[in-house]
Amino acid sequence: MPICVHEQSQTFHLHNDVLSYIFAVREGYPLHLYFGARVPDEPDYDYLLDEEYRPSSVGVSPERECLSLEHARCELPFSGGGDMRLPAIEVVTASGSRVLDLTYRGFATVPGKPALAGLPATYVEGPSEADTLCVTLADDVAGVTVRLLYTVFAGDGALVRSMEVANSGPAALTVERAMSGSFSLEETDFEMVQLTGSWARECSVTRSPLHPGIQGSYSLRGHSGHQANPFLALVRPETTELSGEAYGFALVYSGNHALTADVDAYHSVRVLAGISPQTLSWPLAPGERFQTPEVVAAYSDKGLGGMSRTLHALFRHRLARGAWRDRPRPILINNWEATYFDFDEDRLVEVARSAAELGIELFVLDDGWFAGRRDDTGGLGDWEVDAERLPHGLDGLARRVNELGMDFGLWVEPEMVNPGTRVWEEHPEWVLHAPGEPLRPCRHQYVLDLSNPEVVDYLYGRLERVLSSANVAYVKWDMNRSLADVYSQTAPAALQGRVWHAYVLGLYELYDRVTRRFPDVLFESCCGGGGRFDAGMLAFAPQAWTSDNTDAVERLRIQWGASLAYPVSSMGSHVSAAPNHQLFRDAPLRTRADVAYFGTFGYELDLALLTDAERDEVREQVAFMKRHRALIQFGDQYRLRSPFEGRGNECAWMVVSGDKNEAVVAYYRILQEVNVGRRSVRLAGLAPEARYEVREEGACAAPGAMGLRYRRPLTGAELMRVGLDLTDETAGKSSSGRGDFLSRVFTLRRVGE
């Protein structure tokens, strides 16, 4: 049982094989005691309670003035109780008071994990996989009852928290702040790791020491955002990919968020994660409840890589769901960078035929297939097939694609509307917009009000009609602008504070209805690339378009950063044209594929423009990915050499099968170096005593029988402690390699047990 409750001392110890999370109730308040590596269970840990007097501190009572909620690390920091730091909950009562006194009322333990109403969440497939602790707090004067939910998963280092706020009084109140979790660490010798950036350069890894005060990331864009992914990690200064302590916090939410680390004057850090309080004002009538999204906390003493692999496994198998959760993803061709808006049915079939001849399995029709869409200035909202471009409808095109032996996929952007469409003219009240204020366009489009159930019903009807009209196997669900003038024209003034969050709930409802109606369709989320790449989306779409930037060199950084929290199976990654359409970089076809392998893999270019030699190379790439995609997408990932460190000229990563019998290793060097001598990279995750046959794949393979790299199989210990030799034996006297944008892929196979 991973939850130990010592009722006499009112101490709670949540643990699994990796971590312990301990708190105790004192003076009626749940106070945090420890979060870190697993420790033995004891009847109490009172020596960890901080009850030292500090000047200017407010005590919990006249009798216990030395005990301050500011310094005692309350499990639920609330406003008005003497805790002078940012609270996790703030409520305004009918009297206008923001003062709370939430005290302990009881607990319950539940095998397994209950679902969260209206929200995506991690889950279990059997009660033995996790246990959940529910701690109830209440303030009878304010009329507020709170349930703190803690789920600890068996085996690994994952703990999940969320909170439910209920109006248990006779009068209305308003929730102004409700964070999913508050985590306390009693020292500040940490560095904070964040994923920052902007469009086309998402998930840049930023690592900096903690400093006094508040630091962190947030989004006020209505989606999780290119600028600040809803993920934060705290690591020791000495922590590397393979060693040292790492705490990761990932919010399972797709809207405005805040993840902050607050360092006080006494060397304590409080991590808060949840919906941004800047855009939350949620009225609760008597009896009503408000449920926060959940935050996943992962602990590892095996470095950032250990933390990542904990998140990867949980997100792959107990957040993603449906028919495609555990299935290797089809290799696709997307027509966008091949044709943009310039196509008709025959042109699309040409693109598909070129791909089918090379073994590609799925053709995806991107933007421009619906009426009024000749460029990005019109057409969004009505979702009627363009009869001029597709005279036989989607069904006619899908049948022709299917006859080539390929599945058919489709791009949609249902949350948006362009002026001039029928829905724009007939339902102007469905657009998020404050009457009398200026309309504020982005990409010539505006946002439909998904906080309005009528809009959700309308969009479900349109999507159901479109997806039922043809044999659609895949959907790319895009969103190409942020929310700005957020005002629901159909909601009363008193409910406008609900709109930001209600929009996300409406999105989740729409996704849930569509994915339930079409359970065999593979959905990929997209938001101008990686603008909504978050754990909340993975519950509906098991993969996301990682970035609109398809340049192989830039993708090394983007995919490395994304992998801190998200698994390889979630990353949409394509081989695009050269020169690249975003950066105009002319990287080799091999390098573009070697990067794109480490994701869902596909192509986004006109294959008919390739030479015969290049088409043969694509055919070999497709065959390689088919052989190894299950391992790549569902194996354990180890990051070996970071493109964010040093000069950023090298990158290396690998995936290892669960039984450690196979591995795929990739090494990338961006610019040619001169006179640098021999190079190697230490591998990870292998069985030390096992022997592995090492084979180099592709055009750079060293001489020898079928690309064998060594004359004998090497032990895992050799490969992990001495390293994989990267010397290019075909490069003559210079061991530096073969020019700019070099990539090399190696496969390992366990032999001779």
Side-chain angles (χ1 to χ4, degrees), residues 115-123 125 252 254 318-327 329-330 332 362-367 369-371 380-385 390 393-399 401-402 406-417 422-423 427 430 448-479 502-527 532 534-545 570 572 600:
L116 302 184
L119 288 164
T122 54
Y123 60 92
E125 292 188 342
V252 186
S254 309
R318 292 300 179 265
L319 180 60
R321 62 199 70 209
W324 284 96
R325 185 189 72 179
D326 303 323
R327 290 170 62 184
R329 309 297 157 72
L332 64 82
L362 168 67
F363 170 80
V364 178
L365 171 57
D366 211 282
D367 196 358
W369 57 267
F370 44 96
L380 292 172
D382 294 341
W383 302 107
E384 300 285 350
V385 176
L390 302 176
L394 290 175
D395 183 52
L397 174 61
R399 278 188 277 108
V401 169
N402 292 158
M406 303 178 75
D407 287 330
F408 176 72
L410 193 65
W411 176 96
V412 295
E413 191 178 3
E415 300 159 67
M416 302 295 158
V417 62
R422 186 178 67 252
V423 68
H427 291 286
W430 284 2
L448 291 172
D449 180 8
L450 268 67
S451 73
N452 181 347
E454 290 184 7
V455 176
V456 174
D457 288 341
Y458 167 78
L459 291 176
Y460 173 75
R462 303 311 296 174
L463 291 172
E464 200 278 338
R465 183 170 178 266
V466 167
L467 299 183
S468 296
S469 70
N471 185 21
V472 177
Y474 163 102
V475 170
K476 180 182 178 182
W477 185 316
D478 209 343
M479 178 198 187
Y503 179 96
V504 180
L505 295 180
L507 171 68
Y508 288 154
E509 180 186 348
L510 180 59
Y511 248 113
D512 184 63
R513 291 170 66 179
V514 173
T515 54
R516 288 181 185 276
R517 171 65 179 83
F518 300 98
D520 295 323
V521 172
L522 171 59
F523 284 82
E524 178 175 285
S525 66
C526 178
C527 181
R532 199 157 62 188
D534 58 66
M537 283 290 97
L538 291 183
F540 305 101
Q543 62 190 56
W545 184 225
S570 70
T600 57

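Along the sequence shown, residues are numbered consecutively beginning with 1.
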Student: Quick check on the 6.0 Å ring-centre criterion: do Trp477 and Phe540 meet it?
Tutor: no
Student: Show, in sequence, the C-alpha distance, side-chain angles and deciding distance for Leu119 and Val252, and conclude whether the side chain to side chain contact (heavy atoms under 4.5 Å, CB included) test is met.
Tutor: CA-CA 9 Å; Leu119 288 164; Val252 186; over 6 Å; no
Student: List for me each residue that meets side-chain contact (heavy atoms from CB on, under 4.5 Å) alongside Val466, sequence neighbours excluded, and say none if there are none.
Tutor: Trp369, Trp383, Leu394, Leu410
Student: I would like to know whether Val455 and Glu415 meet side chain to side chain contact (heavy atoms under 4.5 Å, CB included); could you show each step before the answer?
Tutor: CA-CA 9 Å; Val455 176; Glu415 300 159 67; over 6 Å; no
Student: Under the side-chain contact (heavy atoms from CB on, under 4.5 Å) rule, collect the residues that match up with Ser468, sequence neighbours excluded.
Tutor: Glu464, Arg517, Phe518
Student: Taking all heavy atoms of Ala541 and all of Ser525, pick out the closest pair and write down the distance.
Tutor: CB-N, 3.6 Å
Student: Which distance, rounded to the nearest 0.5 Å, do you find between the OH of Tyr474 and the CZ of Phe408?
Tutor: 12.0 Å
Student: Would you compute the distance between atom OG1 of Thr122 and atom CG of Leu538 and round it to the nearest 0.5 angstrom?
Tutor: 12.0 Å
Student: Quick one: NE2 on His427 to CG on Asp449, what's the gap to the nearest 0.5 Å?
Tutor: 13.0 Å
Student: Any side-chain donor-acceptor pair under 3.5 Å between Ser254 and Asp534?
Tutor: yes
Student: If we ignore hydrogens and angles and just use 3.5 Å, is the side chain of Asn452 paired with the main-chain N or O of Val456 as donor and acceptor?
Tutor: no
Student: Do Val514 and Leu467 pass the side chain to side chain contact (heavy atoms under 4.5 Å, CB included) test, and can you show the C-alpha distance, the side-chain angles, and the key distance before you say yes or no?
Tutor: CA-CA 9 Å; Val514 173; Leu467 299 183; 4.1 Å; yes
Student: Which pair of non-hydrogen atoms, one from Tyr458 and one from Asp382, has the smallest distance, and what is that distance?
Tutor: OH-CA, 3.8 Å
Student: Give the minimum heavy-atom separation between Ala320 and Tyr123, together with the two atoms involved.
Tutor: O-OH, 2.6 Å
Student: Could you check whether any side-chain N or O of Arg321 sits under 3.5 Å from a backbone N or O of Leu319, counting only pairs where one atom can act as donor and the other as acceptor?
Tutor: yes
Student: If you take all heavy atoms of Met406 and Phe363, which pair is closest and at what distance?
Tutor: CE-N, 3.7 Å
Student: Given side chains that start at C-beta, do those of Asp407 and Leu522 come closer than 4.5 Å, heavy atoms only?
Tutor: no
Student: Hey, does Lys476 have a side-chain heavy atom less than 4.5 Å from the side chain of Glu413?
Tutor: no
Student: With side chain to side chain contact (heavy atoms under 4.5 Å, CB included) as the criterion, how do Leu390 and Leu365 come out once you've worked through the C-alpha distance, each side chain's angles and the decisive distance to 0.1 Å?
Tutor: CA-CA 11 Å; Leu390 302 176; Leu365 171 57; 4.2 Å; yes
Student: Using the test salt bridge (charged side-chain N to carboxylate O under 4.0 Å, His left out), find all partners of Arg462 that sit at least two apart in sequence or belong to another chain.
Tutor: Glu384
Student: Kindly compute the distance separating OG1 (Thr515) from CG (Leu510), expressed to the nearest 0.5 Å.
Tutor: 9.0 Å
Student: Looking at residues at least two apart in the chain, or sitting in another chain, which of them share a salt bridge (charged side-chain N to carboxylate O under 4.0 Å, His left out) with Arg513?
Tutor: Asp457, Glu509
Student: So do the side chains of Leu459 and Leu448 get within less than 4.5 Å of each other, counting heavy atoms only?
Tutor: yes
Student: On a heavy-atom basis, which atom in Gly118 and which in Tyr508 lie closest, and how many Å separate them?
Tutor: O-CD1, 3.9 Å
Student: For Asp478, check salt bridge (charged side-chain N to carboxylate O under 4.0 Å, His left out) against everything at least two apart and list the hits.
Tutor: none
Student: Can you name the residues that form a side-chain contact (heavy atoms from CB on, under 4.5 Å) with Thr600, not counting sequence neighbours?
Tutor: Arg329, Glu524, Gln543
